Protein chains: 2
Amino acid sequence: MDTEVTRVEKGFETLAALLREQILRGDIPAGDILPNERDLVSQFGLSRGSVREALRVLEAQGLVSTRLGRNGGRVALQPGTEMVRDSLEMFIRGQRVAFPVLMETVEALEPSLAALAAEHRDDDDLASLHACGARLSRISNAKAFLAANARWHRTMAHASHNAILIAIYDSLGPRLLDPRVAGFASADVRAAVVHAIGRVEEAIIAGEPETARRRMQRHVQAYRRLVESVAPKTVRL
Amino acid sequence: MDTEVTRVEKGFETLAALLREQILRGDIPAGDILPNERDLVSQFGLSRGSVREALRVLEAQGLVSTRLGRNGGRVALQPGTEMVRDSLEMFIRGQRVAFPVLMETVEALEPSLAALAAEHRDDDDLASLHACGARLSRISNAKAFLAANARWHRTMAHASHNAILIAIYDSLGPRLLDPRVAGFASADVRAAVVHAIGRVEEAIIAGEPETARRRMQRHVQAYRRLVESVAPKTVRL
DNA sequence: TTGAGGAAATGGTCAAACCAATTGACAAGC
DNA sequence: GCTTGTCAATTGGTTTGACCATTTCCTCAA
């Protein structure tokens, strides 16, 4: 019984793997144009169809983009946050991840993000954060408030200067703007949020990670209690 | 100047989008066989080459797998953790994310994972966790200790019952087993780790999220100080 | 009953065209 | 000189038809 046969690598897979490696290693720098299809055909001895399938895989993986016409071709890309976002998006949809789980995930990230922001923020971060916070306190419209709130959080996440957490947070954060949870921002709730966020901001400005973490965590827990008191747990995306 | 032209959707893109939607919505349940290439050709009026490119895209996105031979074909898949892992893998490689950032990310997740584990763990989780902890305390080999340690953490992450965090943690955790950081597990370090982990485990068993969070966070910070005292910050993956 | 061999179904590959989009070059007209 | 229009060149997109490779099913003979 052949329990383990060596999987035969297809021609297009070989080429895709080869080009992928060259792009990820930087041998083909981002922005460079790959050889055109017909050249790849003669270089690798594959048919044009196989070459195109290889390139199509790379495109689906976010490693190249395609331009039509003369001076077109495939442009090498460094994989960015879009890939992470797309894969999480499909994971959430495919696995039927419930909305509360998504919320729980973001809540799990935010205290650490606040701590890292306090540790790593630079002057630009502080300026952006202050601008977001100031804007937030002037907004009265509930829907606009939620958007501005999300923006403040996003800015804080970026201040962490942790590329992985930023990619994850940017992937998940926007999903929390679901219209079904947009009704919570009554005037007093908004005031409480502004206050809590201001306290976190102070800790980030002061460069006190543990204070920022603690304040953000309390804010998050308070927010959760609020949402749970209003929304049924069964809401699904 | 045409600043915004309506991007023309290619034939294979249309088909890929259509099939992707059917799979994600569950109209084509996981495990089902898609129509074969020649049938898709006649159903959608595309050439076989275009159909194959569409299917190749879905394969790259983890939505179908391909089997050769009679009774072969494309099997629909629900996107799982592999996709998330692959995209994070490419992100880390392509963006040249430094090892300390990776470590920082995992450290950011673990306290919340511990808290969620304490909140959501079931009897199976407790049994697995206890087994991992017990095994850990009996290991003397440094390399094996690190592997068992990773396994305990992974088990704890699964006890959180948060599918997104599990997917992320499973994607990043294994990368911390880099051989370059495998030399830290001296006997007294191992004893300290076993003790810290035991305390977290107690809190998870007791169902006390905030205690578990606090203890895990202290452990993580202690571990970080240890690593920083030994490893240069410039180590890169 | 079992084994061998061939038929059938399915994806993998190749080849040669031609279509579609974009850009460059160049000439005509202002 | 500058603009504008036309045509040619380049590159990806698509089609068609054929054949190969792998796997499974089916039949028939030992």
Side-chain angles (χ1 to χ4, degrees), chain A residues 1-20 23 28 30-77, chain B residues 1-20 23 28 30-77:
Chain A
M1 170 168 83
D2 282 344
T3 50
E4 193 65 40
V5 291
T6 45
R7 165 126 159 55
V8 182
E9 192 173 60
K10 305 294 180 293
F12 76 90
E13 287 174 328
T14 309
L15 177 56
L18 190 135
L19 292 173
R20 176 165 44 242
I23 293 172
I28 302 179
D32 271 29
I33 310 284
L34 273 62
N36 68 42
E37 295 177 358
R38 285 143 178 111
D39 284 350
L40 288 172
V41 166
S42 49
Q43 283 180 40
F44 292 94
L46 292 172
S47 72
R48 198 166 158 222
S50 294
V51 167
R52 282 177 61 83
E53 286 188 30
L55 292 168
R56 203 57 79 198
V57 169
L58 296 185
E59 186 179 61
Q61 293 175 328
L63 293 169
V64 305
S65 76
T66 300
R67 289 186 327 203
L68 257 62
R70 183 164 170 169
N71 285 21
R74 261 76 180 211
V75 185
L77 303 173
Chain B
M1 166 168 82
D2 282 344
T3 49
E4 193 63 40
V5 290
T6 46
R7 167 125 156 57
V8 182
E9 192 173 61
K10 305 296 180 292
F12 76 90
E13 287 175 327
T14 309
L15 177 55
L18 189 134
L19 292 174
R20 175 165 46 239
I23 293 172
I28 302 178
D32 271 27
I33 311 284
L34 273 61
N36 69 43
E37 295 177 357
R38 283 140 178 118
D39 284 351
L40 289 171
V41 166
S42 49
Q43 283 180 40
F44 292 94
L46 292 172
S47 72
R48 199 168 158 219
S50 295
V51 167
R52 282 177 62 83
E53 287 187 28
L55 292 168
R56 203 57 80 197
V57 168
L58 295 185
E59 186 178 62
Q61 293 174 329
L63 292 170
V64 306
S65 75
T66 301
R67 288 187 326 204
L68 257 63
R70 183 165 172 166
N71 284 23
R74 261 75 180 213
V75 184
L77 303 173

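To find a chain, count down the sequence lines: A is the first, B the second, and so on, and within it residues start at 1. The model shown is predicted, which means the values in this text are computed figures rather than measured ones.
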Atom pair CZ/CG of A:Arg56 and A:Leu58 - distance to nearest 0.5 Å:
10.5 Å

To the nearest 0.5 Å, atom CG of A:Leu15 lies from atom CD of A:Glu53 at 11.0 Å

Sort out for me which residue in A:Val57, A:Leu55, A:Thr14, A:Val51 forms a side-chain contact (heavy atoms from CB on, under 4.5 Å) with A:Leu19.
A:Leu55

Need the bend value for the helix from C:dT1-D:dA30 to C:dC30-D:dG1: angle between end axes, 5 pairs each end, nearest 10°.
0°

Measure from [atom1] on [X] to [atom2] on [N] and round the result to the nearest Å.
{"X": "A:Phe44", "N": "C:dC14", "atom1": "CZ", "atom2": "C1'", "value": "18 Å"}
{"X": "A:Glu9", "N": "C:dG12", "atom1": "CD", "atom2": "P", "value": "13 Å"}
{"X": "A:Glu59", "N": "D:dG13", "atom1": "CD", "atom2": "C1'", "value": "12 Å"}
{"X": "A:Leu55", "N": "D:dG12", "atom1": "CG", "atom2": "C1'", "value": "10 Å"}
{"X": "B:Arg7", "N": "D:dG13", "atom1": "CZ", "atom2": "C1'", "value": "12 Å"}
{"X": "B:Glu37", "N": "D:dT15", "atom1": "CD", "atom2": "P", "value": "14 Å"}
{"X": "A:Leu40", "N": "D:dT11", "atom1": "CG", "atom2": "C1'", "value": "12 Å"}
{"X": "A:Ile33", "N": "D:dG12", "atom1": "CD1", "atom2": "C1'", "value": "12 Å"}

It should be established whether [X] places a side-chain nitrogen or oxygen under 4.0 Å from OP1 or OP2 of nucleotide [N].
{"X": "A:Asn71", "N": "C:dG24", "value": "yes"}
{"X": "B:Arg52", "N": "C:dG12", "value": "yes"}
{"X": "A:Ser50", "N": "C:dC14", "value": "yes"}

Test of understanding: with side-chain hydrogen bond (donor to acceptor under 3.5 Å, both in side chains), list the residues that count as partners of B:Glu13, not counting sequence neighbours.
B:Arg7

For B:Arg48, enumerate each residue passing the side-chain hydrogen bond (donor to acceptor under 3.5 Å, both in side chains) test, keeping only those at least two apart in sequence or located in another chain.
B:Glu37

Nucleotides 15-21 of chain C: protein proximity per nucleotide (B base, S sugar-phosphate only, - neither; heavy atom, under 4.0 Å):
--BB--B

In residues 60-70 of chain A, what donor-acceptor pairs under 3.5 Å come from side-chain atoms, sequence neighbours left out?
residue: A:Gln61; atom: OE1; partner: A:Arg20; partner atom: NH1; Å: 2.4
residue: A:Thr66; atom: OG1; partner: A:Glu59; partner atom: OE2; Å: 2.7
residue: A:Thr66; atom: OG1; partner: A:Arg74; partner atom: NE; Å: 3.2
residue: A:Arg67; atom: NH2; partner: A:Asn71; partner atom: O; Å: 2.9

So which atom in A:Ile28 and which in A:Ala76 form the shortest heavy-atom distance, rounded to 0.1 Å?
CG2-CB, 3.7 Å

